[in-house]
Amino acid sequence: MTDFHPLRSANDRGSKNWEQLNKIAEKRAKEASPATMPSLDHATMSDYGQVYEPSDDTYLLIDGIQSDLTENQSIAKSARTILELGSGNGVPITFCSKLVPSALAIATDINPNALAFTKKTAMENNVTKLETIQCDLATPLLESCKQRIDIIIFNPPYVPTPDEEVSGNGIEVSWAGGERGRLVVDRAIPQIAHLLSENGVCYMITVDDNEPEEISKMFDALGIKMFPLVRRRAYNEYLSVQKLVRKKQTKP
Amino acid sequence: MRLLTHNYLISNVKGTKEGYPLQIEAEEVVIEDSPFDQELVTGILPKLNYEAVIGALHQVADKVEPKPADIPEKLPEGEIDTATLEALYHVLFNIHVIEGHLVCPDTGRKFPIKQGIPNMILHEDEI
Ligand SMILES: C[S@@+](CC[C@H](N)C(=O)[O-])C[C@H]1O[C@@H](n2cnc3c(N)ncnc32)[C@H](O)[C@@H]1O
């Protein structure tokens, strides 16, 4: 993939303000203590032919979750529902569940092997209150869970590819993201905005190719504030964990 | 799939009006005891569709062994005593449908449950 996705040059990374936020996120990532990976002793190499293997994005995601939930203990304490879209290997939702004492964790994925693997990862790490649903994003939950999810985790298929590659339910759809890597992300935006509870947070991975500042504007129009939480370079891409929270209504 | 999850799921298949609650056709149900979590169950209760909980419990009842403690037919108003909360926790968190189907009440579309995982994916012509 290296040939097709050269590192974005510094000057098309967004506005001055966004660049500033990115610098803060890079600093935060450097200073954060690295998260300890949940055990994956149940995994065999052949699993990773069918299920997304934890990678730099996964590691950054759990670093970001740990740093933010340690800093905002009240979120971890009060959260009752955690949802991960595209749980894949199950590492992020398992990790997050360990930091949140009293919550139900719901994992979705379109890949059935990913969900079976997610279950094993949770079990291996003594996370018992996990539910798995094979579905597109969170579609069958939207009606009943409006503004009811306290923590949403999303590491989408974000790699820019031709749109046609985003099809099926195998390993390809764990990374193939269509034009600018935005095909799945853009469909998830209204769902996340719909599901997030009043004091809820969402942690979402982006790469700069996704044009995250534009994503932040789409969320802004739906009443959600998005900003980079932690940011790190991995090979040919800059990964960020974006943090999303509901904008507080100002009283009239 | 816990009965709690059943409470959240809706059918989005083309032609549905409500798509809720899904009917459970259970082939295999297991009880897995887990430590009672009062904070969690009290946090979740107000948001539940309680009628659908009662319906779901009736639909799996003949497969549930041992028979769970009774839960009230209507969610009590105000503070709920601990024994009732424990019974509700048990029904929502400890009863797992392992094999079977969820059936859309409007279209009859069956969503399979395999190894405890409901498959809610729609085919292209169902969207
Ligand atoms: C980049 S992987 C992330 C896996 C894991 N959460 C992690 O952070 O390591 C993306 C996951 O999203 C799943 N996925 C892709 N498209 C999806 C969709 N439309 N609905 C639900 N899951 C999807 C893939 O199967 C894959 O498991």
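As a basis for the values below, the full set of heavy atoms in this structure was taken, side chains included, without hydrogen atoms, waters or symmetry mates.
Contacts of A:Ile106 with chain B are made by side-chain atoms alone, with heavy-atom separations under 4.5 Å and no backbone atom involved. With a 4.5 angstrom heavy-atom cutoff, A:Leu137 does not touch chain B via any of its atoms. Both the backbone and the side chain of A:Lys129 come within contact range of chain B, judged by heavy atoms closer than 4.5 Å. When heavy atoms are compared at a cutoff of 4.5 Å, B:Asn119 approaches chain A by way of both its backbone and its side chain. Interface residue B:Glu39: backbone and side-chain heavy atoms are both found under 4.5 Å from chain A. If you measure heavy-atom distances from B:Pro35 to chain A, the contacts under 4.5 Å come from the backbone alone. Using a 4.5 Å cut-off between heavy atoms, B:Leu4 touches chain A through its side chain atoms alone.
Remark: B:Glu126 CD is packed, more than 12 non-hydrogen atoms of other residues, nucleotides or ligands lying under 6.0 Å away. Within 6.0 Å of CD in B:Glu28 there are more than 12 heavy atoms belonging to other residues, nucleotides or ligands. Atom CD of B:Glu27 has more than 12 heavy atoms from other residues, nucleotides or ligands within 6.0 Å. Residue A:Lys225 qualifies as open at atom NZ: its count of foreign heavy atoms under 6.0 Å is 12 or below. The neighbour count for A:Glu143 CD, taken as heavy atoms of other residues, nucleotides or ligands under 6.0 Å away, does not exceed 12. By the 6.0 Å contact criterion, CD on B:Gln115 is open, its count of non-hydrogen atoms from other residues, nucleotides or ligands being 12 or less.
Between chain B and the residues A:Thr132, A:Leu142, A:Thr139, A:Thr128, the largest count of heavy-atom pairs under 4.5 Å involves A:Thr132. Comparing A:Cys135, A:Pro140, A:Ala103 by heavy-atom pairs within less than 4.5 Å of chain B, the highest count is held by A:Pro140. Among A:Leu104, A:Ile110, A:Asp136, the residue with the largest count of heavy-atom pairs under 4.5 Å with chain B is A:Leu104.
Between A:Arg148 and B:Lys47, the closest heavy-atom pair is NH1-O, 2.9 Å. For the pair A:Ser102 and B:Leu40, the tightest heavy-atom approach, listed with the atom from each and the gap, is O-CD1, 3.6 Å. Closest approach of B:Tyr8 and A:Ser144 over heavy atoms only: O-OG, 2.6 Å.
Counting only heavy atoms from C-beta outward, the side chains of B:Ile117 and A:Ile133 never approach each other to under 4.5 Å.
Side-chain atoms of A:Arg80 never come within 3.5 Å of backbone atoms of B:Val41 as a donor-acceptor pair (strictly under, hydrogens ignored).
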